[in-house]
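This report concerns only the one structure given below.
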There are 2 protein chains.
Amino acid sequence: MPRRRLTWNDKLRRLREFVRAHDRLPGYQELMALMGFRSSHSAFRLWTRLTRLGYVRKDAAGKLAPTPRLRGTLRMLGTVAAGFPSPAEEELADILSLDEFLIRRPEATFLLTVTGDSMIEAGIHPGDLVLVERGVQPKNNDIVVAQVDDEWTLKYFIRDEEGVRLDPANRKYSPIRPRRSLVIGGVVRAVIRKYG
Amino acid sequence: MPRRRLTWNDKLRRLREFVRAHDRLPGYQELMALMGFRSSHSAFRLWTRLTRLGYVRKDAAGKLAPTPRLRGTLRMLGTVAAGFPSPAEEELADILSLDEFLIRRPEATFLLTVTGDSMIEAGIHPGDLVLVERGVQPKNNDIVVAQVDDEWTLKYFIRDEEGVRLDPANRKYSPIRPRRSLVIGGVVRAVIRKYG
DNA sequence: TACAATAGTGAACGATCGTTCACTTTTCAA
DNA sequence: TTGAAAAGTGAACGATCGTTCACTATTGTA
């Protein structure tokens, strides 16, 4: 029985499964078992190829690490209107990790639960999560977490001729011009609503 | 000069930095260099402790892998109203990874860009991203990606006495009762809006 | 102050890793 | 169909890993 040689797609799929299941790359022994190799050199060659194609990365110490392309879990397809493509096209979709997609500075990024409806017309509802980056200068029309009158809320940040203004996205509330102090907790980089 | 021994927090911080920078755990040599150890046994003991505390995991093959607790990048704080806690309290915040927080079945989960305003009253705007899980039975009031009259859109899924109904969240449009066929592409598990 | 718990040192060893060299088999296109 | 490129085999070797055992230093506390 001529043991079937794996296709490239099969190899990639098996490797992805391993990485997802173990949160690490397989070792030489494990890669050989996974792919049905008998020689560790085959594993070596496979690593070389995967490195060349950008699925794994070799750092300064010469050790391998998975790239988002391999580790990522999310396939980014087109638009809702375009619907779901065929499985073959799915294979071609870009794979990414939400963390890397949304977070620039991990050490300065936080997740807060939204309370209040001050930004509801911007589609930010109570119970939503906001991904907030601290320690950055807000630009005009950025949504910020700000402390106003000893109370923290979400507002649009606007700097005009008269100074800084904080605008709600809700007709029930009025724009605010901070008089004494203005504390900006951080800038909202993303909004996340989780169902179920 | 009595080389300063590192505190536990310092060790954790250094390890986190390494993992973020390299996308892998340090080896023994690297861990020794990172922590200022001279004996590989110290590294061994540190791994043992990290395993016991759940920062790394030892799988069936006896190999170490980082857990979300170590690899995760997002600190989950309280609510917007509560504002930002002190740095000391921040240290205690739960660290999580967005991928693991939002994605249950990686192989069946996709990201689509929203087109159209059929769900705008549910806070889903054109340009938002929806995280869609395929191959699950939608429950009542789930938001689904459905094919209606050869067109894909987002709708609430509702099953009543008369059968299945698809409701928009926009007064401009009307509920739909599919007559011939109904294709459900998937169930919306999360909505993501990215700024900037 | 003393003493137990915690943290680190140092040597040793078999297993695995990462790589090189030389050779064979399979695939695919001219 | 044939010949080159791609893929796999097999042996070998120094480096690192993962672990054990025995010993020493530091720290917090009864």
Side-chain angles (χ1 to χ4, degrees), chain A residues 1-19 21-67 70-71 88 91, chain B residues 1-19 21-67 70-71 88 91:
Chain A
M1 59 179 114
R3 301 185 310 103
R4 240 189 108 48
R5 209 173 261 193
L6 294 168
T7 69
W8 175 247
N9 265 351
D10 274 337
K11 287 176 186 167
L12 254 187
R13 196 175 36 73
R14 287 189 183 200
L15 182 55
R16 277 223 174 80
E17 277 168 18
F18 188 101
V19 171
H22 295 81
D23 286 322
R24 61 177 175 87
L25 295 178
Y28 271 71
Q29 306 296 317
E30 290 167 323
L31 189 60
M32 286 166 68
L34 203 57
M35 303 301 171
F37 294 150
R38 291 186 200 193
S39 166
S40 71
H41 184 61
S42 300
F44 174 65
R45 290 259 269 268
L46 182 51
W47 282 135
T48 306
R49 185 139 71 113
L50 287 163
T51 308
R52 186 156 32 82
L53 296 178
Y55 290 100
V56 297
R57 187 169 51 81
K58 202 170 205 164
D59 58 26
K63 304 236 172 185
L64 295 170
T67 62
L70 187 66
R71 194 164 21 75
E91 285 294 326
Chain B
M1 59 178 114
R3 299 184 311 102
R4 240 188 107 45
R5 208 173 263 192
L6 294 168
T7 68
W8 175 246
N9 266 351
D10 275 337
K11 288 177 186 167
L12 254 188
R13 195 175 37 72
R14 287 189 182 200
L15 182 56
R16 276 221 176 81
E17 276 168 20
F18 188 100
V19 172
H22 294 81
D23 286 323
R24 62 177 175 86
L25 294 178
Y28 271 70
Q29 306 294 319
E30 290 168 321
L31 189 60
M32 285 167 68
L34 204 58
M35 304 301 172
F37 294 151
R38 289 186 202 191
S39 167
S40 70
H41 185 59
S42 300
F44 174 65
R45 291 259 270 266
L46 182 51
W47 282 135
T48 307
R49 185 139 71 114
L50 287 162
T51 307
R52 186 156 32 83
L53 296 177
Y55 290 99
V56 296
R57 187 169 51 81
K58 202 171 206 163
D59 58 25
K63 304 237 170 185
L64 294 170
T67 61
L70 187 66
R71 193 161 24 74
E91 284 295 326

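Order of the sequence lines fixes the chain letters, A, B, ..., with proteins taken first and strands second; residue numbering starts at 1 for each chain.
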Subject >> Residue pair B:Leu6 / B:Lys11: nearest heavy atoms and the distance that separates them >> reply: O-CE, 3.7 Å

**OP:** Quickly work out the B:Leu64 CG to C:dT16 C1' distance and round it to whole Å.
**Re:** 14 Å

Subject >> Donor-acceptor pair under 3.5 Å, A:Ser40 side chain vs C:dT19 base >> reply: yes

**OP:** Go through the N and O atoms of the side chain of A:Ser42 and the base of D:dG8, and report whether any donor-acceptor pair is under 3.5 Å.
**Re:** no

Original post:
Taking the side chain of A:Phe37 as its heavy atoms from C-beta onward, which of D:dC17, C:dT16, D:dT9 lies nearest to it?
Top reply: D:dT9

**OP:** Going by the side chain to side chain contact (heavy atoms under 4.5 Å, CB included) test, name the single residue among A:Thr51, A:Leu64, A:Thr67 that passes it with A:Arg57.
**Re:** A:Thr67

**OP:** Using only heavy-atom distances, decide whether a donor-acceptor pair under 3.5 angstrom links the side-chain of A:Arg38 to the base of D:dG8.
**Re:** no

Subject >> Distance in angstrom units between B:Met32 CE and C:dA7 P, rounded >> reply: 18 Å

**OP:** To the nearest Å, give me how far apart CZ (B:Phe44) and C1' (D:dC17) are.
**Re:** 11 Å

**OP:** Would you mind telling me which of C:dG8, C:dG10, D:dG10 lies closest to the side-chain atoms of B:Lys11?
**Re:** C:dG8

Subject >> First encountered from the 5' end of DNA chain C, between A:Gln29 and A:Arg45 >> reply: A:Gln29

Subject >> Separation of D:dT16 C1' from A:Lys63 NZ (nearest whole Å) >> reply: 6 Å

Original post:
Atom OH of A:Tyr28 and atom P of D:dA11: how far apart are they, to the nearest Å?
Top reply: 18 Å

Original post:
Please walk me through it: do B:Leu50 and B:Leu70 pass side-chain contact (heavy atoms from CB on, under 4.5 Å)?
Top reply: CA-CA 10 Å; B:Leu50 287 162; B:Leu70 187 66; 5.6 Å; no

**OP:** Select one nucleotide: of D:dT9, D:dC21, D:dG18, the one nearest the side-chain heavy atoms of A:His41.
**Re:** D:dT9

Original post:
What distance separates A:Arg13 CZ from A:Thr7 OG1, expressed to the nearest 0.5 Å?
Top reply: 7.5 Å

Original post:
Quick one: on DNA chain C, does B:Arg49 or A:Gly62 contact a more 5' nucleotide (nearest heavy atom)?
Top reply: B:Arg49

Original post:
Between A:Asp59 (CG) and D:dT16 (C1'), how many Å, whole number?
Top reply: 15 Å

**OP:** Round to the nearest Å and state the distance from B:Glu30 atom CD to D:dT16 atom C1'.
**Re:** 10 Å

Original post:
Closest approach of A:Met32 and A:Ser40, non-hydrogen atoms and distance?
Top reply: SD-CA, 3.4 Å

Subject >> Integer-rounded Å distance: C:dC17 C1' and A:Arg24 CZ >> reply: 13 Å

